[in-house]
Colleague: 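The structure follows.
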Amino acid sequence: MLTDYEGGIKARLWNGKAQLNLSGFHYDYNNMQVTILQNTGTHTTNAARAVSNGFEFEGQVRPLENLFGSFGVSYQDAHYTSFRNASAPTPFNGGNPVDLSGQPLERAPHVTTNFLLSYKIPVSFGDFTIQTDWRYTSRYRFQAWSDVHPATPAPFLSSPQTQALVRNAFSQKAVITGNVRLAWHSVDQKTEVAVWLHNITNQMTYTNAFGEFFNRNISRYPGDLRSFGFEVMRSL
């Protein structure tokens, strides 16, 4: 069950050239369902309680007719308030449950920010638009149990160095990624030809991680590295 409290304000400034939105929230989860990775399978259980408190601030601005910018900042403190009987892969804590009370929720970064800037250059045969967007995400973890210090780990997981390796392997570190796109539009705006470059700085990111502890292996699934492409679109 989720009890949700939200509130916010919206404002238009600078003769309508800027829009600012601010909102805050409090989510109170009771009997929240959590899926835990258990060796090669998963186990779904109910966490006693969890809360998420935070705010979001976003805005758009058009200082010039052909220049547009947007930005956003969000902060959340999402954690289990009581989850003493959480499941974990057998070797991680000797088959015993772990206490996740006070631990952050999985896939819940504290801070996320984004920024976009777009500029249009009119020409006699249409227009060119160059756009760049950037995103920052603070560290978050993929599995609910991975940051806990186990009390009865298997011998091969007992050293502080190995436990630090587990914590790092089952999380995505703080990362900044950026993209850029250059597009030409025809005079009638029905044709677009574009080139783009994603992940400009070639940051290594991960989308998930699984610990196959029965064979002492951790599998990490990488996100997209730097890539580029070319697009041609025509609308009717």
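Residue numbers start at 1 and run along the sequence shown.
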Colleague: Name all residues meeting the side-chain hydrogen bond (donor to acceptor under 3.5 Å, both in side chains) criterion together with Asn179; count only those two or more places apart in sequence or in a different chain, and write none if there are none.
Modeller: Asp133
Colleague: Taking all atoms of both residues into account, what is the closest heavy-atom pair of His79 and Gly102, and its distance?
Modeller: CB-O, 4.0 Å
Colleague: Is there any salt bridge (charged side-chain N to carboxylate O under 4.0 Å, His left out) pair reaching into residues 79-95, and which pairs are they, with sequence neighbours excluded?
Modeller: Arg84-Asp99
Colleague: Using ring-ring contact (aromatic ring centres under 6.0 Å, His included), reason through Tyr221 and Phe210 one step at a time and then give a plain yes or no.
Modeller: CA-CA 9 Å; Tyr221 293 79; Phe210 295 98; 5.6 Å; yes
Colleague: Look up atom CG in Leu105 and atom CZ in Phe83, then write down how far apart they are to the nearest 0.5 Å.
Modeller: 9.5 Å
Colleague: Identify, with sequence neighbours excluded, every residue that meets side-chain contact (heavy atoms from CB on, under 4.5 Å) alongside Gln161.
Modeller: Ser159
Colleague: Quick one: salt bridge (charged side-chain N to carboxylate O under 4.0 Å, His left out) pairs with a partner in residues 149-165, sequence neighbours left out?
Modeller: none
Colleague: What pairs of residues pass the salt bridge (charged side-chain N to carboxylate O under 4.0 Å, His left out) test when at least one of them lies in residues 144-173, not counting sequence neighbours?
Modeller: Arg139-Asp147
Colleague: Kindly write out the residues that satisfy ring-ring contact (aromatic ring centres under 6.0 Å, His included) with Phe25, not counting sequence neighbours, or none if the list is empty.
Modeller: Tyr27
Colleague: Looking only at the side chains, is there a donor atom on one of Asn199 and Thr177 sitting less than 3.5 Å from an acceptor on the other?
Modeller: no
Colleague: Rounded to the nearest 0.5 Å, what separates atom OG1 in Thr129 from atom CD1 in Ile121?
Modeller: 8.0 Å
Colleague: Shortest non-hydrogen contact from Ser82 to Ser101?
Modeller: CA-OG, 3.4 Å
Colleague: If you take all heavy atoms of Ala108 and Tyr140, which pair is closest and at what distance?
Modeller: N-CB, 3.9 Å
Colleague: Going through the checks in order, is the side-chain contact (heavy atoms from CB on, under 4.5 Å) test met by Phe228 and Arg226?
Modeller: CA-CA 7 Å; Phe228 63 91; Arg226 183 189 294 132; over 6 Å; no
Colleague: How many angstroms lie between CH2 in Trp134 and CG in Leu117, if you round to the nearest 0.5 Å?
Modeller: 12.5 Å
Colleague: Do Gln19 and Lys10 have side-chain heavy atoms sitting under 4.5 Å apart?
Modeller: yes
Colleague: Does the ring center of Tyr136 lie less than 6.0 Å from the ring center of Phe115?
Modeller: no
Colleague: What distance do Ser227 atom OG and Leu197 atom CG have between them, rounded to the nearest 0.5 Å?
Modeller: 7.0 Å
Colleague: So which heavy atom on Arg107 is nearest to which on Thr207, and how close?
Modeller: NH2-O, 3.0 Å
Colleague: Taking C-beta and beyond as the side chain, do His149 and Gln163 meet within less than 4.5 Å on heavy atoms?
Modeller: yes
Colleague: Which atom names give the shortest non-hydrogen contact between Phe170 and Ser146, and what distance separates them?
Modeller: CB-CB, 3.5 Å
Colleague: Just how far is it from atom CG of Asn30 to atom OG1 of Thr81, taken to the nearest 0.5 Å?
Modeller: 8.5 Å
Colleague: Would Asn96 and Val98 satisfy side-chain contact (heavy atoms from CB on, under 4.5 Å), going step by step from the backbone distance to the final call?
Modeller: CA-CA 7 Å; Asn96 298 311; Val98 294; over 6 Å; no
Colleague: Determine whether a donor-acceptor pair (N or O, by modelled atom type, separation under 3.5 Å) exists between the side chain of Asp127 and the backbone of Val123.
Modeller: no
Colleague: Roughly how far apart are Tyr80 OH and Leu100 CG, rounded to 0.5 Å?
Modeller: 6.5 Å
Colleague: Using the test side-chain hydrogen bond (donor to acceptor under 3.5 Å, both in side chains), find all partners of His26 that sit at least two apart in sequence or belong to another chain.
Modeller: Asn53
Colleague: Do the side-chain N and O atoms of Arg141 and Gln172 include a donor-acceptor pair separated by under 3.5 angstrom?
Modeller: no
Colleague: Give the minimum heavy-atom separation between Asp188 and Ser186, together with the two atoms involved.
Modeller: OD1-OG, 2.5 Å
Colleague: Quick one: list whatever passes side-chain hydrogen bond (donor to acceptor under 3.5 Å, both in side chains) with Arg220, sequence neighbours left out.
Modeller: none
Colleague: Are any side-chain N or O atoms of His185 and backbone N or O atoms of Gly126, one a donor and one an acceptor, separated by less than 3.5 Å?
Modeller: no
Colleague: Return all side-chain donor-acceptor pairs below 3.5 angstrom for residues 56-74, not counting sequence neighbours, or 'none' if the list is empty.
Modeller:
{"from": "Glu58", "atom 1": "OE2", "to": "Asn21", "atom 2": "ND2", "distance (Å)": "3.2"}
{"from": "Arg62", "atom 1": "NH1", "to": "Glu65", "atom 2": "O", "distance (Å)": "3.4"}
{"from": "Ser74", "atom 1": "OG", "to": "Thr112", "atom 2": "O", "distance (Å)": "3.4"}

Colleague: For residues 229-236, which side-chain N or O atoms pair as donor and acceptor with protein atoms under 3.5 Å away, sequence neighbours left out?
Modeller:
{"from": "Glu231", "atom 1": "OE1", "to": "Arg181", "atom 2": "NH2", "distance (Å)": "3.0"}
{"from": "Glu231", "atom 1": "OE2", "to": "Trp196", "atom 2": "NE1", "distance (Å)": "3.2"}
{"from": "Arg234", "atom 1": "NH1", "to": "Thr191", "atom 2": "OG1", "distance (Å)": "2.6"}
{"from": "Ser235", "atom 1": "OG", "to": "Lys190", "atom 2": "O", "distance (Å)": "3.4"}

Colleague: List the steps, then state whether side-chain contact (heavy atoms from CB on, under 4.5 Å) holds for Glu106 with Gln143.
Modeller: CA-CA 6 Å; Glu106 55 276 16; Gln143 304 296 336; over 6 Å; no
Colleague: With sequence neighbours excluded, what pairs up with Ser158 under the side-chain hydrogen bond (donor to acceptor under 3.5 Å, both in side chains) test?
Modeller: none
Colleague: How would you list, by chain and number, every residue that makes a salt bridge (charged side-chain N to carboxylate O under 4.0 Å, His left out) with Asp77, sequence neighbours excluded?
Modeller: none
Colleague: Are side-chain heavy atoms of Trp145 and Pro150 found at a separation under 4.5 Å?
Modeller: no
